[in-house]
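Report on the structure given below.
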Amino acid sequence: MRYSQSLIPTLKETPAEAEVVSHRLLLRGGYIRKLTAGIYSYLPLGLAAIRKVEQIVREEMNRAGAQELLMPMVQPADLWRETGRYEKYGPELLRFHDRHDRESCLGPTHEEVITDLARREIRSYRDMGKNLYQIQTKFRDEIRPRFGLMRGREFIMKDAYSFDVDDAQSEKCYQKMFEAYTRIFKRCGLDFRPVEADSGTIGGSFSHEFMVLADTGEDTLAICSSCDYAANMEKAAVKLPVADDSALLDLEKVETPGKRKVAAVCEFMDIVPRELVKTLVFLADGQAVAVLVRGDREVEEVKLKNHLGVVEVEMADDKQVYDATGVPTGYLGPVGITVKLVVDQEVAAMKNFTVGANEKNYHMKNVNIGRDFEAVSVADLRQITKDDPCPQCGEPLILREGIEVGHIFKLGTGYSKAMKAFYQDSDGQEKPMVMGCYGIGVSRIVAAAIEQNHDENGMIFPMPLAPVQVILLNLGIKDEQITKMADSLYEELMARGVEVLLDDRDERPGFKFKDADLLGIPLRVTVGKRFSKDGIIELRTRRDGAIEELQPEALAARIVALIDAEITAAQ
Ligand code: ATP
Ligand code: MG
């Protein structure tokens, strides 16, 4: 590829809208351009990096016995109605009508389409044991598209779906995908962790997310400092606390004028937040539910959602709280509350705590479950913290941020039963297919790789994902000898199968060096004054800045060796 013929529109200035480093650098490096919110064009270098990810994903999926196909992006609403998701999926599903007024949607995922295909094409147990995947553009009308390729509305995903005869076979496939994913992310050169993820209604340990560790990650992971436990915070189980066996004290109502926040109430009453219990109101599929957690804790909405068996929970605002309970926020409590009440297990182990009195400007002291109100529903509902012990071994936990790049999930028979995807077993019985689904954020991986690999001068691509492996700088465009050498090295490297970008622009050396660093291409070759003077070619590694001086004859072999070493190291 010759720079002069390519579209690589690098920018000097940092675009104001970019909040994270990968977004900034992808824009500055001319890898992507925004069309509209959450929707980007992949320019040649951006696309080349994406193709690298796709290639690794394809090779490993094929190696694991999966088969590639390609399904439509436009999907009929009726298919989605069969699983109830046309209504349930929410506003991320872009719905529209075609010219015949048929309702359709843009595929955010393909469970319905693939299950429809399976129920039509697979009849016998002999044809089961299939894992089908595609690499395709998805559309999700994300509420907050941001961070460039990290959370787009249109993005590229690899999605795979498996169909097996029973749980045991399906779990084998799950395990295979776990191993394939581990190989994929390793081959991409990423620092990642598989973590236990929320598996919604399926339960068990059959949902794992693959997380790239990076401070800009939107997920928080609880990782044990000692054993192999690692889980998404949404899922990480808090250990059951030891019950307080203090004697019950007399209930007291205390006037707390204007004290609504935990800190203010505590200061006023001379207690600490762990002696207070917050009553928080959520809307669970639109219904108000009150949740009790200790004053210094946060409710984990995913745990709450699963406990209540609803699709969506969101925190109620002040007006919604007042409409549901008749009490202004800040003074809410469990004694005499009129909405459904659920209690975090930690609160269920407490005695003599302080709560709101369900009356403006009043709180209650020495409140106790059983005596003052009933805890009908108790569960682990709070977020784990770094001070909690590991749920598996009890040793300290570390909390880290992560970017979800992959997700594997045992689906069971939910979709197949809803859509009547049955097969005939060897005993002649009709049985629902047991399914699994396995996603990888192909375009997100490129962003995640940059979050992990960059410096103040630009991106530093891991060799396996680099759009090209070498940038070759001709620093004497008008010098015949230099240009001849640069062109011949360009040809020689390409003949050896090396991917090269030849910077043949008529620009100053400093300008070319800056762009080369920004683009993050792993190896840089310079043909310039040193060549004219001493016949020396300079080879520089982007990651550590190490420079080797080589004779032109030795260059290609050295480059091939470096590339091979880096690619093998990642395998
Ligand atoms: P998230 O929690 O980040 O929204 P998700 O749980 O909705 O992800 P899945 O439905 O499991 O994601 O999709 C499979 C993969 O697709 C994810 O692991 C992620 O890497 C990628 N992905 C999901 N949403 C986006 C998006 N808006 N932009 C880019 N990649 C995405
Ligand atoms: Mg999502």
Given the rule in the side-chain hydrogen bond (donor to acceptor under 3.5 Å, both in side chains) test, do D504 and Q5 qualify, once you have shown the distances and angles that lead to the verdict?
CA-CA 9 Å; D504 57 349; Q5 294 167 0; 5.7 Å; no
Would you please test T483 and N474 for side-chain hydrogen bond (donor to acceptor under 3.5 Å, both in side chains) and show each step?
CA-CA 6 Å; T483 299; N474 175 343; 3.3 Å; yes
Give the C-alpha distance, both sets of side-chain angles, the deciding distance and a yes or no for salt bridge (Lys or Arg N to Asp or Glu O under 4.0 Å) between E300 and K235.
CA-CA 9 Å; E300 175 48 65; K235 148 103 183 177; over 6 Å; no
Might you work through the side-chain hydrogen bond (donor to acceptor under 3.5 Å, both in side chains) test for Q134 and D159, ending with a clear yes or no?
CA-CA 6 Å; Q134 62 176 348; D159 46 330; 3.1 Å; yes
Could you go through the salt bridge (Lys or Arg N to Asp or Glu O under 4.0 Å) check for R153 and E142 one step at a time?
CA-CA 6 Å; R153 292 199 297 154; E142 297 273 356; over 6 Å; no
Walk me through whether I56 and C188 qualify under side chain to side chain contact (heavy atoms under 4.5 Å, CB included).
CA-CA 7 Å; I56 294 173; C188 288; 4.1 Å; yes
What do the steps show when you test T115 against M435 for side chain to side chain contact (heavy atoms under 4.5 Å, CB included), and what is the final call?
CA-CA 9 Å; T115 307; M435 291 174 58; 3.3 Å; yes
Stepwise side chain to side chain contact (heavy atoms under 4.5 Å, CB included) check, L397 with I223
CA-CA 6 Å; L397 284 176; I223 300 175; over 6 Å; no
Pair Y490-R2, side chain to side chain contact (heavy atoms under 4.5 Å, CB included): steps then yes or no:
CA-CA 9 Å; Y490 177 57; R2 286 179 179 267; 4.1 Å; yes
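Of all the heavy atoms in A214 and I403, the pair that sits closest is CB-CD1, 3.8 Å. Residues I135 and E68 come closest through the heavy atom pair N-OE2, 4.4 Å. The shortest heavy-atom contact between D517 and R542 is O-NE, 2.9 Å. The two residues R140 and T109 make their nearest non-hydrogen contact at NH2-CB, 4.0 Å. Nearest approach of A447 to L149, heavy atoms of both residues: CB-CB, 4.1 Å. Scanning both residues, V434 and K410, for their nearest heavy atoms gives CG1-CE, 4.3 Å.
Counting heavy atoms from C-beta outward, Y161 and L132 have side chains that stay 4.5 Å or more apart. The shortest distance between side-chain heavy atoms of L519 and T10 falls below 4.5 Å. Inter-residue side-chain proximity for I8 and L43 is flagged as unmet; no heavy-atom pair is nearer than 4.5 Å. The shortest side-chain heavy-atom distance between Y438 and F409 does not fall under the 4.5 Å cut-off. You'll find the side chain of T385 reaches within 4.5 Å of the side chain of D388, heavy atoms only. Using a 4.5 Å heavy-atom threshold, the side chains of V302 and N232 count as separate. Contact of the T220 side chain with the E401 side chain is registered, since non-hydrogen atoms from C-beta on lie closer than 4.5 Å. Considering only heavy atoms from C-beta on, P396 stays 4.5 Å or farther from C390 through its side chain.
Classification of K130 and D127 as a salt-bridged pair fails, no side-chain N sitting under 4.0 Å from a carboxylate O. Under the 4.0 Å criterion applied to side-chain N and carboxylate O atoms, K303 and E234 are not assigned as salt-bridge partners. Electrostatic pairing of K176 and E179 does not count as a salt bridge here, judged by no charged N lying under 4.0 Å from a carboxylate O. The pair D515-R505 meets the salt-bridge criterion, with a side-chain N (NZ, NE, NH1 or NH2) lying under 4.0 Å from an Asp/Glu carboxylate O.
No donor-acceptor pair closer than 3.5 Å links the side chain of R558 to the backbone N or O of L550. Under a 3.5 Å cut-off, the side chain of H110 and the backbone N or O of M73 do not form any donor-acceptor pair. Side chain of Y181 to backbone of G439: a donor-acceptor contact under 3.5 angstrom is found.
Contacts classified as ring-ring contact (aromatic ring centres under 6.0 Å, His included) and involving residues 456-483 (residues at least two apart or in different chains) are given here: Y31-F461. Sorted by first and then second residue, the side-chain hydrogen bond (donor to acceptor under 3.5 Å, both in side chains) pairs with a member in residues 184-193 read E59-R187, E60-R187; sequence neighbours excluded. Counting only residues at least two apart or in different chains, side-chain hydrogen bond (donor to acceptor under 3.5 Å, both in side chains) contacts with residues 20-30 comprise S22-E451, H23-Y40.
Using a 3.5 Å distance cut-off with no hydrogens or angles, the side chains of S170 and D167 do not pair a donor with an acceptor. Side-chain contact annotation: Y415 with T83, donor-acceptor N/O pair under 3.5 Å absent. Looking only at atom types and distance, the side chain of S207 has no donor-acceptor partner in the side chain of E209 under 3.5 Å away.
Qualifying ring pair (Phe, Tyr, Trp, His ring centres under 6.0 Å) partners for F178, counting only residues two or more places apart in sequence or in other chains: H208, F210. Y89 pairs by the ring pair (Phe, Tyr, Trp, His ring centres under 6.0 Å) definition with W80, not counting sequence neighbours. Under the ring pair (Phe, Tyr, Trp, His ring centres under 6.0 Å) criterion, H454 pairs with no residue at all, not counting sequence neighbours. Residues satisfying the side chain to side chain donor-acceptor pair (under 3.5 Å) criterion with N62, sequence neighbours excluded, are Y133. The side chain to side chain donor-acceptor pair (under 3.5 Å) check on D479 picks up nothing, with sequence neighbours excluded. Every residue two or more places apart in sequence or in another chain was checked for a side chain to side chain donor-acceptor pair (under 3.5 Å) with E492, and none qualifies. In terms of the ring pair (Phe, Tyr, Trp, His ring centres under 6.0 Å) criterion, residue partners of F192 (sequence neighbours excluded) are, by chain and number, F185. In terms of the side chain to side chain donor-acceptor pair (under 3.5 Å) criterion, S416 has no residue partners (sequence neighbours excluded).
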Name each donor-acceptor pair under 3.5 Å that joins a side chain in residues 521-529 to protein atoms two or more places apart or in another chain, with its distance.
none

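Residue Q67 places its CD atom among 12 or fewer non-hydrogen atoms of other residues, nucleotides or ligands, all under 6.0 Å distant.
Atoms CG and CD1, on L25 and I450 in that order, are 6.5 Å from each other to the nearest 0.5 Å. Here CD1 of I482 is found 12.5 Å from CZ of R530. Values are rounded to the nearest 0.5 Å.
Residue D503 is tested with K514, R508, K512 for a salt bridge (Lys or Arg N to Asp or Glu O under 4.0 Å); the sole match is K512.
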